[in-house]
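Each remark here refers to the structure printed beneath this line.
Remember, it's 1-based here, ligands and their atoms both numbered in the order they're listed.
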Amino acid sequence: MKRHVVTLEELGEGALAAICSYALEEPRDVLHGQGVALVFEQPSLRTRSSSALAVRALGGWPMFITGDEIGLDHRESVEDVGRVLAEYYSVCALRVRDHGVFERLVATVGDRLGVINLLSRAAHPTQAIADVLTMAEHFTAGRVEDLAGLRVAYVGDVTNVARSLAVALRRLGAEVVLGAPDAYQLAAAGPEDPRRIERGSLRLVASAREAVAGAHVVYTDSWISMGLEAERAERLAALGEFQVTEELLAGADRAAVVMHCLPAHRGEEVDAQVLDSPRSLVWRQVAHRVSAMRGALRWMKEDS
Ligand code: CP
Ligand code: NVA
């Protein structure tokens, strides 16, 4: 079986640390002459660009394919798409609407084709890898293993990004607080569940103020994730108190930083001045998307 990066929860112990360590090393030609299929059923700027750069840095060649072109389960089945991709590529990275696609691909061609999740409704693992690299760069001289004890508050809608981030942070021993109204809190079940990680700590609270109290990092994501546009009005009404503002940050650690996976919606989940202030690490997060993807690809290829 090849190695896959579908959720961070499914990765074995030590894999996250290994990926982060590869991310910080000089790139090696581990994809020399190999193709990587990058399949996008939904829009992307950062993931698409950083994936292409990472594949090239490791000596491979990226091939973009849009969801409309291949029509997963419409033009042909996910399984047949997987069988075709396995004939041409060594890795397939996908942004999909239905997280179940990954299980089907791994079951069909997982012994021949490495599979990476580039965002599903359940998880965004490559973003979380970039985020812990960013935190380590800021707080612990690049050592993710020293993030134990860091206090991270995530506020707003508990999205795919929040789930993968919380899993990654708990794995590294950090203290995570998720602040959200009940209807937007961590879903009761499903893949990439930070409740199942045994290290670090996890607290769920219904108040943004309580969530950020003493936090070293305050993280947020869009209130209207891709595919949820029809819920815009009710989400804006329900999540208003969770906007990351200077006033909210007054309750965090004095040196707290602000993070956001982007794209940002100034005036919704985050105040414009906060996002554009010196305490915002968002552009370092963007930069680390490339190293994170390099690390993930290298980890997949090293021992396969
Ligand atoms: N953060 C992130 O995944 O951005 P894109 O949707 O632009 O790839
Ligand atoms: N939660 C957001 C993340 C975008 C990178 C979404 O799924 O649209």
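- Between the side chains of Glu137 and Thr134, no donor N or O sits under 3.5 Å from an acceptor N or O.
- Between Leu178 and Leu202, the closest side-chain pair of non-hydrogen atoms falls below 4.5 Å.
- Within the 4.0 Å heavy-atom cutoff, Gln285 does not count among the residues contacting ligand 1.
- Relative to atom 6 (O) of ligand 1, the option among Arg46, Arg95, Met226 with the closest non-hydrogen atom is Arg95.
- Between Tyr89 and the options Val36, Val84, Leu113, Leu38, a side-chain contact (heavy atoms from CB on, under 4.5 Å) holds for only Leu113.
- Remark: the Thr108 side chain and the Arg83 side chain contain no N/O donor-acceptor pair separated by less than 3.5 Å.
- Residue Leu45 has at least one nitrogen or oxygen atom sitting less than 3.5 Å from a nitrogen or oxygen atom of ligand 1, judged on distance alone.
- Here the shortest heavy-atom pairing between Leu172 and Arg199 reads C-NH1, 3.3 Å.
- Considering backbone and side-chain atoms alike, Cys261 places an N or O below 3.5 Å from some N or O of ligand 1.
- When hydrogens are left out, the protein atom nearest atom 8 (O) of ligand 2 is Met226 N, 2.8 Å; that is the closest non-hydrogen contact.
- Residue Arg289 places a heavy atom under 4.0 Å from ligand 1.
- Counting only heavy atoms from C-beta outward, the side chains of Phe40 and Thr66 never approach each other to under 4.5 Å.
- Between Thr47 and Arg95, the side chains place a donor N or O and an acceptor N or O closer than 3.5 Å (distance only, hydrogens not considered).
- Note on ligand 2: Thr47 sits outside its first shell, no heavy atom being nearer than 4.0 Å.
- Below 4.0 Å from some heavy atom of Ser225 lie the following atoms of ligand 2, by number and element: 1 (N), 2 (C), 6 (C), 7 (O), 8 (O).
- Listed for the Asn160 side chain is a donor-acceptor partner under 3.5 Å among the backbone atoms of Ser120.
- Residue-to-ligand polar distances keep Pro263 apart from ligand 2: every N/O pair is separated by 3.5 Å or more.
- Considering each of Leu228, Leu262, Ile224, Thr159, the one bringing a non-hydrogen atom nearest atom 5 (C) of ligand 2 is Leu262.
- Neither the backbone nor the side chain of Asp157 comes within 4.0 Å of ligand 2, counting heavy atoms alone.
- If you check which protein heavy atom lies closest to atom 7 (O) of ligand 2, you get Asn160 ND2, 2.9 Å.
- Ligand 2 places these atoms under 4.0 Å from at least one heavy atom of Leu119: 3 (C), 4 (C), 5 (C), 7 (O).
- In terms of modelled atom types and a separation under 3.5 Å, the side chain of Glu268 and the main chain of Arg266 share no donor-acceptor contact.
- Of all atoms in ligand 1, numbered sequentially from 1 with element shown, those under 4.0 Å from a heavy atom of His124 are 2 (C), 3 (O).
- Remark: distances from the non-hydrogen atoms of Leu262 to ligand 1 include one below 4.0 Å.
- Considering backbone and side-chain N/O of Asp221, one or more are found under 3.5 Å from N/O of ligand 2.
- There is a side-chain donor-acceptor pair under 3.5 Å between Ser164 and Glu192.
- For the pair Arg48 and ligand 1, the shortest N or O to N or O distance does not fall below 3.5 Å.
- Across all their heavy atoms, Arg235 and Asp157 have their closest contact at NH1-OD2, 2.8 Å.
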